[in-house]
Amino acid sequence: MNADAQKVAVKKASQRYGEVTHIRFSADELASLKAIAERDGVTVSEVVRRLVRAEAGHLPIASEALRPAIVDMTDQLRRVGVNFNQAVRTMSDGRVAHDEDLEQALVSVGNLVRQFREELKAMTGGSRKARVARP
């Protein structure tokens, strides 16, 4: 990679991720990270990000094998959310008897569905290297 191409790649990465940190690893640790990156078809940086996400309690990035199932679940959750919104709208419009507790429960469940859907969508993001390799 020539110097200009490398500068462009670094600039794009900094726009995506923002902060840069430098970490020292032993030779064995770095070899392990590189082996994981090679196995998963991602960069060493992506492996470190995934490890941090896992430690922080975030959902992992889905493997290529799981990606279609997660995309399907995300779509199903979108449909459930639409149904919840329709139910709340029907109550608000007065087409059915209004029940404040039921409305609050529907809104709360709808919010949970949206949150879970967003988490599932984040799992299918993956690294730029993996997205470029996908057909």
Side-chain angles (χ1 to χ4, degrees):
M1 180 182 293
N2 66 35
D4 290 335
Q6 188 173 13
K7 285 180 185 177
V8 170
V10 168
K11 183 176 180 183
K12 288 181 181 180
S14 67
Q15 289 171 339
R16 278 193 316 276
Y17 299 114
E19 300 297 323
V20 175
T21 189
H22 300 279
I23 305 169
R24 294 185 190 279
F25 293 105
S26 70
D28 289 341
E29 291 168 335
L30 187 57
S32 296
L33 286 171
K34 287 180 178 180
I36 294 167
E38 181 70 27
R39 179 195 71 202
D40 293 348
V42 297
T43 64
V44 171
S45 294
E46 181 64 22
V47 172
V48 172
R49 279 190 290 276
R50 288 178 180 184
L51 292 169
V52 169
R53 285 179 54 82
E55 184 65 25
H58 298 289
L59 292 173
I61 300 298
S63 67
E64 287 301 317
L66 288 176
R67 189 174 304 281
I70 292 174
V71 169
D72 184 52
M73 284 189 283
T74 303
D75 187 54
Q76 289 178 31
L77 282 171
R78 180 192 59 78
R79 293 176 190 183
V80 168
V82 167
N83 288 340
F84 276 109
N85 287 338
Q86 289 173 345
V88 171
R89 192 174 304 119
T90 299
M91 290 174 81
S92 296
D93 291 347
R95 292 182 275 166
V96 296
H98 185 268
D99 182 330
E100 184 70 30
D101 291 336
L102 179 59
E103 181 179 10
Q104 289 302 316
L106 287 171
V107 168
S108 295
V109 171
N111 289 336
L112 288 173
V113 166
R114 273 190 292 283
Q115 178 185 350
F116 189 56
R117 180 172 174 248
E118 290 304 313
E119 289 175 1
L120 285 175
K121 282 173 58 176
M123 289 178 69
T124 61
S127 69
R128 183 178 58 82
K129 183 177 179 181
R131 284 193 304 270
V132 170
R134 265 187 236 135

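Values reported hereafter were calculated over all heavy atoms of this structure, with side chains retained and with hydrogens, waters and symmetry mates removed. Given the structure is predicted, the values throughout are model-derived calculations rather than measurements.
Remark: Arg53 pairs with no residue by the salt bridge (charged side-chain N to carboxylate O under 4.0 Å, His left out) rule, at least two apart or across chains. Taking the side-chain contact (heavy atoms from CB on, under 4.5 Å) definition, one finds that Ser92 meets it with Val88, Glu103, sequence neighbours left out. Shown here are the side chain to side chain donor-acceptor pair (under 3.5 Å) partners of Arg95, two or more places apart in sequence or in another chain: Asp93. The side chain to side chain donor-acceptor pair (under 3.5 Å) check on Glu55 picks up nothing, with sequence neighbours excluded. For Arg39, there are no salt bridge (charged side-chain N to carboxylate O under 4.0 Å, His left out) partners two or more places apart in sequence or in a different chain. Under the salt bridge (charged side-chain N to carboxylate O under 4.0 Å, His left out) criterion, Asp99 pairs with no residue at all, not counting sequence neighbours. In this view, Arg89 satisfies the side chain to side chain donor-acceptor pair (under 3.5 Å) rule with no residue, not counting sequence neighbours. Remark: Arg114 pairs with Asn111 by the side chain to side chain donor-acceptor pair (under 3.5 Å) rule, at least two apart or across chains. Not counting sequence neighbours, the partners of Asp75 by the side-chain contact (heavy atoms from CB on, under 4.5 Å) test are Arg78, Arg79. Annotation: side-chain contact (heavy atoms from CB on, under 4.5 Å) contacts of Glu119 (sequence neighbours excluded): Leu59, Gln115, Phe116.
Pairing each heavy atom of Asp40 with each of Arg50, the nearest pair is OD2-NH1, 3.8 Å. Nearest heavy atoms, Phe25 versus Leu30: CB-N, 4.0 Å. Residues Gly81 and Val113 approach most closely at N-CG1, 4.0 Å, considering heavy atoms. When all heavy atoms of Ala87 and Leu106 are compared, the pair lying nearest together is CB-CD1, 3.9 Å.
No path of Ile, Leu, Val, Met, Phe, Trp and Tyr side chains, each step under 4.5 Å between heavy atoms, connects Leu120 with Val71, placing them in separate hydrophobic clusters. Criterion: ILVMFWY side-chain heavy atoms under 4.5 Å apart, direct or through other members. Under it, Val80 and Val107 are part of a common hydrophobic cluster. Side-chain heavy atoms closer than 4.5 Å link hydrophobic residues (I, L, V, M, F, W, Y) into clusters, and following such links, possibly through other members, connects Met91 to Val109.
The OG1 atom of Thr74 sits 9.0 Å away from the CD atom of Glu118 when rounded to the nearest 0.5 Å.
Sorted by first then second residue, the salt bridge (charged side-chain N to carboxylate O under 4.0 Å, His left out) pairs that include residues 21-35, not counting sequence neighbours, number zero.
Looking at heavy atoms from C-beta onward, Leu51 lies in side-chain contact with Leu33 at the 4.5 angstrom threshold. Taking the side chain as every heavy atom from C-beta outward, Arg49 and Thr43 approach each other to under 4.5 Å.
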